[in-house]
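Inspection log for the structure reproduced underneath, given as structure tokens.
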Amino acid sequence: MSKSTREYHEEDSDSTQLVRWFRSAAPYIHLFKNKLFVISVSKKNFSPDNLIRFIQDLSFLRAIGVQIILVFDPKDLFDEQLKKRNHVLVWKGETPIIDDIATECLQVAIGMMRINLESLFSTKLPNTAMNFSDIKIISGNFVTAKPLGIHKGINFLKTGELRKIDIVAINRALELDAIVLIPPLGFSATGEPFFLNNEQLAKDAACIMKAHKLIFITDVLEKSSESFSEIQELTTETYKDRKLFIKEKFPRLSKLFELANSACEDTIDRAHILPYEKDGEILLELFTRRGIGIMVSQSQIKNIRPAAPDDISSILSLIEPFRKDGTLTNRDQNDIERNLADYIVLDHDGQICGCACLNHYLEENLGEISCLIVRSDYQQKGEGTRMLKHLSEKAKNTGIATIFALTTTAEHWFLENGFVKDKESILPAEKIQTIERNRNSLILTKNIE
Ligand code: ARG
């Protein structure tokens, strides 16, 4: 390949990647339009650079039509103020007791944070993602709170509890295309401020406002991120089994999990817990199927389900490379359309990443597993085995006693999955007639009774 051709290809692959990224993100862009996200940020070690990037990402979300309520806790500024005043905050378990000095410190911190955020959202510098942006940020007395009161003799002073959220007023602000900023406080009927737990407030606001998503941006992940892959994707159902494990292994995360889970048990479809010193965390989580953080959802995001007519073109494109290199026999659109009821697909958030087919030979009561494909980026994760199990179950329920498969390249995979090598004579008569002998396929069978 000449140099110039290679360069051309390299350039091409960059733009191809960009186009591919846009296309794979497009379903999410459609889906998120006009949806409400409640985003909670507990800002402790948020570096100034990362805060700027985060604000830019939020304004991008706003630009594509996402409505945003930002529940922002300026923990770092609060700590700074406490230090300045030489004041030590008293905690009872996980709840701080906000006394008069702490109240003053919080008021200063929240005021500073608000000005800081307003100024960041007002940036329009060229060469930044904020060029041309014109995002308004609205904050106000949207939250009514009451004192937590006296428990077991301890007066929690200005630490409060949520009483009411003004849905109508917040909706009006959102309709103005503004981002609604809610600090972790609410006012009582007497006009006093009471301070609330940021994450709890975000969860309550998300449920009350019937948000589409609840997102926690937290520093808690960093320290424990080495093994959170095991809990990256949970449903409210699987959370029940992992709860103890999470409590033991990720004690600092367990409260966020509880909130995410209870939000999903309520009205929220998906709740996310994201690490914040990761550049672009929110974009990577929202616009890729795998995400980078933790997600608790009402239902499985990856599903094996019967194929539907809309899946046919995806099935064809899964088959295509294997048909080309001769691994799979030829099947055309008509063929798939006619036998669609025999197909299952692996659906990852609307994208088809695998398929398989079970063909029932009624006379001999045998089932053939064919067309079992997992897209290359989904391989080595047990997805093929899951689809095989799904089809074996389906075969069993139809009363099939033995399943078989013909393969040229996946012998070992089938053996690992309990198949044994067999001879041609076990095949249904109809299959023997249509077998493509030049392929020299191996025959494997498995008893599933
Ligand atoms: N982008 C999708 C969403 O925002 C899926 C994210 C998956 N995230 C995960 N941590 N597993 O709903």
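Numbering of ligands and ligand atoms starts at 1, following listing order.
- Shown here for Ser392 and Ile448, the closest heavy-atom pair between the two residues is O-CD1, 3.8 Å.
- Ring-plane geometry between His212 and Phe37 is classed as parallel, the angle between the planes falling under 30 degrees on a 0 to 90 degree scale with a further cut at 60.
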Give me the pairs of N or O atoms, one from ligand 1 and one from the protein, that sit under 3.5 Å apart.
{"from": "ligand 1", "atom 1": "1 (N)", "to": "Glu285", "atom 2": "O", "distance (Å)": "2.8"}
{"from": "ligand 1", "atom 1": "1 (N)", "to": "Leu286", "atom 2": "O", "distance (Å)": "2.8"}
{"from": "ligand 1", "atom 1": "1 (N)", "to": "Thr288", "atom 2": "O", "distance (Å)": "2.7"}
{"from": "ligand 1", "atom 1": "4 (O)", "to": "Lys213", "atom 2": "NZ", "distance (Å)": "3.1"}
{"from": "ligand 1", "atom 1": "8 (N)", "to": "Glu285", "atom 2": "OE2", "distance (Å)": "2.8"}
{"from": "ligand 1", "atom 1": "8 (N)", "to": "Arg290", "atom 2": "O", "distance (Å)": "3.4"}
{"from": "ligand 1", "atom 1": "10 (N)", "to": "Glu285", "atom 2": "OE1", "distance (Å)": "3.4"}
{"from": "ligand 1", "atom 1": "10 (N)", "to": "Glu285", "atom 2": "OE2", "distance (Å)": "3.2"}
{"from": "ligand 1", "atom 1": "10 (N)", "to": "Gly293", "atom 2": "O", "distance (Å)": "2.8"}
{"from": "ligand 1", "atom 1": "11 (N)", "to": "Glu233", "atom 2": "OE2", "distance (Å)": "2.6"}
{"from": "ligand 1", "atom 1": "11 (N)", "to": "Arg290", "atom 2": "O", "distance (Å)": "3.2"}
{"from": "ligand 1", "atom 1": "12 (O)", "to": "Lys213", "atom 2": "NZ", "distance (Å)": "2.8"}
{"from": "ligand 1", "atom 1": "12 (O)", "to": "Arg270", "atom 2": "NH1", "distance (Å)": "2.7"}

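- Side-chain N or O atoms of Arg305 include none that pairs as donor or acceptor with a backbone N or O of Val345 at under 3.5 Å.
- The backbone N or O of Ile400 sits nowhere less than 3.5 Å from a side-chain atom of Thr398 that would complete a donor-acceptor pair.
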Residues 253-261 side chain polar contacts: donor-acceptor under 3.5 Å, at least two apart:
{"from": "Ser254", "atom 1": "OG", "to": "Pro251", "atom 2": "O", "distance (Å)": "3.4"}
{"from": "Lys255", "atom 1": "NZ", "to": "Asn197", "atom 2": "OD1", "distance (Å)": "3.4"}
{"from": "Glu258", "atom 1": "OE2", "to": "Tyr239", "atom 2": "OH", "distance (Å)": "2.6"}
{"from": "Glu258", "atom 1": "OE2", "to": "Lys243", "atom 2": "NZ", "distance (Å)": "3.3"}

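- Checked for salt-bridge contact, Arg323 and Glu320 meet the test: a charged N lies under 4.0 Å from a carboxylate O.
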